[in-house]
Amino acid sequence: MNWENILLEKEDAIAVVTINRPKALNALNAATLSELDQVFTGLAADGTVSVVILTGAGEKAFVAGADIAFMQNLTALEAREFALLGQAVLNKIENLPQPVIAAVNGFALGGGCELAMACDIRLASETSRFGQPEVGLGVPPGFAGTQRLPRLVGKGCAKELLYSAEMIDAQEAYRIGLVNRVCPAADLLGTARTLARKIASRGQVAVRLTKSAVNQGLEMDVARAIAYEAEVFGLAFSTGDQREGMTAFLEKRPPDFKGK
Ligand code: CAA
């Protein structure tokens with residue numbers, strides 16, 4: 001299927017989703033969000049895909065935010081609907097069964113920073129810039145930046161970014177824990193693919209159960225969260241991957257996981 005604003009490539013169990021509106025620095029309008037929703041709905045059901053990489057087209061931007069021209073004349077109710085659409089798409093990405101790696105190749109501002117934060121892992125090019133500029137436009141963030149940012153970097157750093165609307169560079173984003181790694185722009189996709197291949201080589205049921213244990217568990221109190229972990233640990237023992245992984249270790253050979 002072809003989308004107007006998204007490119008999708010699949011190779012060796014890895015899907016690369018590229019937001020493709022470089023003239024608008026890949027800004028997110030409703031049409032792009034709807035396409036992202038369709039793409040990720042398809043990936044969730046695609047048993048051939050183990051890991052997803054999300055990036056932006058062009059050399060300048062990952063995503064420069066929600067589309068300001070699109071938002072300028074929205075009514076209050078339309079703006080609320082737009083925020084709910086963005087939040088639903090980002091929730092879908094956060095809760096995709098497979099891990100999602102954001103390869104942040106430039107500006108990740110407003111909705112773009114919020115999109116990167118919905119991914120499991122963020123790799124940043126040295127040229128990337130992060131920020132939540134919304135209050136400079138007279139609005140608060142609308143795609144859950146007020147919630148994901150403090151959970152990632154702590155309340156103090158988050159409030160400084162949210163209230164000041166200042167941009168930070170990749171090294172500062174790394175220092176505060178907003179990104180996992182910084183690499184030269186030319187190596188970004190290669191680094192993301194190497195990490196994706198490593199994850200794809202592991203037991204896929206276990207990777208998915210682990211993602212669920214982290215994501216669901218962080219929404220629970222610790223006692224319920226570790227009880228949930230015990231449930232998913234037990235569930236893994238109903239899989240061939242558990243038998244293969246442990247047998248391969250004891251037989252001193254690499255495992256041949258089937259994802260079942
Ligand atoms: N929405 C719509 N168009 C955008 C855009 C956005 N968020 N960001 C950039 N563009 C467009 C520009 O209007 C420009 O279009 P034209 O060529 O047609 O004039 C084109 O992309 C290139 O941008 P610039 O000329 O501005 O490029 P620059 O290098 O001078 O600056 C930038 C780059 C600092 C990223 C600057 O474009 C910028 O500040 N963009 C807006 C960032 C922003 O405020 N994002 C938050 C949006 S609000 C939001 O996201 C709300 C939410 O939480 C849901």
Side-chain angles (χ1 to χ4, degrees), residues 3-7 17-37 40 54-94 102-119 122 124-153 155 157-173 178-179 182 185 188:
W3 290 276
E4 199 182 325
N5 305 303
I6 309 282
L7 303 172
V17 177
T18 305
I19 298 170
N20 187 30
R21 296 186 74 212
K23 282 191 190 139
L25 302 188
N26 304 322
L28 300 172
N29 54 13
T32 307
L33 284 169
S34 298
E35 289 186 2
L36 267 179
D37 188 62
F40 277 90
L54 177 62
T55 194
E59 291 175 1
K60 216 167 151 182
F62 173 68
V63 167
D67 190 313
I68 298 168
F70 173 83
M71 291 185 293
Q72 184 188 15
N73 294 315
L74 295 182
T75 65
L77 286 181
E78 286 166 347
R80 180 175 170 275
E81 283 307 309
F82 184 56
L84 290 172
L85 172 65
Q87 290 174 5
V89 175
L90 271 53
N91 286 346
K92 181 167 284 183
I93 293 172
E94 184 169 53
V104 181
N105 54 309
F107 291 111
L109 302 174
C113 188
E114 291 166 311
L115 177 63
M117 290 191 290
C119 299
R122 280 153 296 285
S125 73
E126 282 167 346
T127 51
S128 61
R129 299 279 180 279
F130 295 80
Q132 296 289 158
E134 287 89 343
V135 296
L137 297 164
V139 295
F143 294 172
T146 61
Q147 300 311 305
R148 288 199 176 94
L149 189 58
R151 283 167 172 77
L152 264 177
V153 305
K155 218 195 293 191
C157 284
K159 285 182 171 176
E160 186 176 340
L161 281 168
L162 290 163
Y163 300 164
S164 71
E166 288 291 342
M167 273 190 244
I168 56 171
D169 65 16
Q171 282 304 337
E172 178 65 359
L178 182 52
V179 302
V182 180
L188 180 67

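In this text, all values refer to a predicted model and were calculated from it rather than measured experimentally. As the structure lists them, so they are numbered: ligands from 1, and atoms in each ligand from 1. The residues of the chain are indexed from 1 along the displayed sequence.
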Undergrad: Charged N to carboxylate O under 4.0 angstrom, R129 versus D169?
TA: no
Undergrad: Of all the heavy-atom pairs spanning P141 and E114, show the shortest one and how long it is.
TA: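 So the two residues come closest at CB-OE2, 3.3 Å.
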Undergrad: Inspect the contact between R21 and E4 and indicate whether a charged nitrogen and a carboxylate oxygen are less than 4.0 angstrom apart.
TA: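 Looking at R21 together with E4, the answer is no, because their closest N to O distance does not fall below 4.0 Å.
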Undergrad: Report yes if some heavy atom in the side chain of V17 is under 4.5 Å from a heavy atom in the side chain of T55; otherwise report no.
TA: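 No, side chains not in contact.
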Undergrad: I need the minimum non-hydrogen distance between P133 and G110, along with the two atoms involved.
TA: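 Reported closest heavy-atom pair: CD-N, 3.2 Å.
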Undergrad: As a test of reading the model: which N/O atoms of the protein lie under 3.5 Å from N/O atoms of ligand 1, and at what distance?
TA:
from     : atom 1 : to   : atom 2 : distance (Å)
ligand 1 : 1 (N)  : I68  : N      : 2.9
ligand 1 : 7 (N)  : A64  : O      : 3.1
ligand 1 : 7 (N)  : A66  : O      : 3.0
ligand 1 : 21 (O) : K23  : O      : 3.3
ligand 1 : 27 (O) : K60  : NZ     : 3.4
ligand 1 : 29 (O) : K60  : NZ     : 2.7
ligand 1 : 45 (N) : A64  : O      : 2.9
ligand 1 : 50 (O) : A66  : N      : 2.9
ligand 1 : 50 (O) : G111 : N      : 2.8
ligand 1 : 53 (O) : E114 : OE1    : 2.7
ligand 1 : 53 (O) : E134 : OE2    : 2.6
ligand 1 : 53 (O) : G142 : N      : 3.1

Undergrad: Sequence neighbours left out, what passes ring pair (Phe, Tyr, Trp, His ring centres under 6.0 Å) with F143? Give chain and number order.
TA: F82
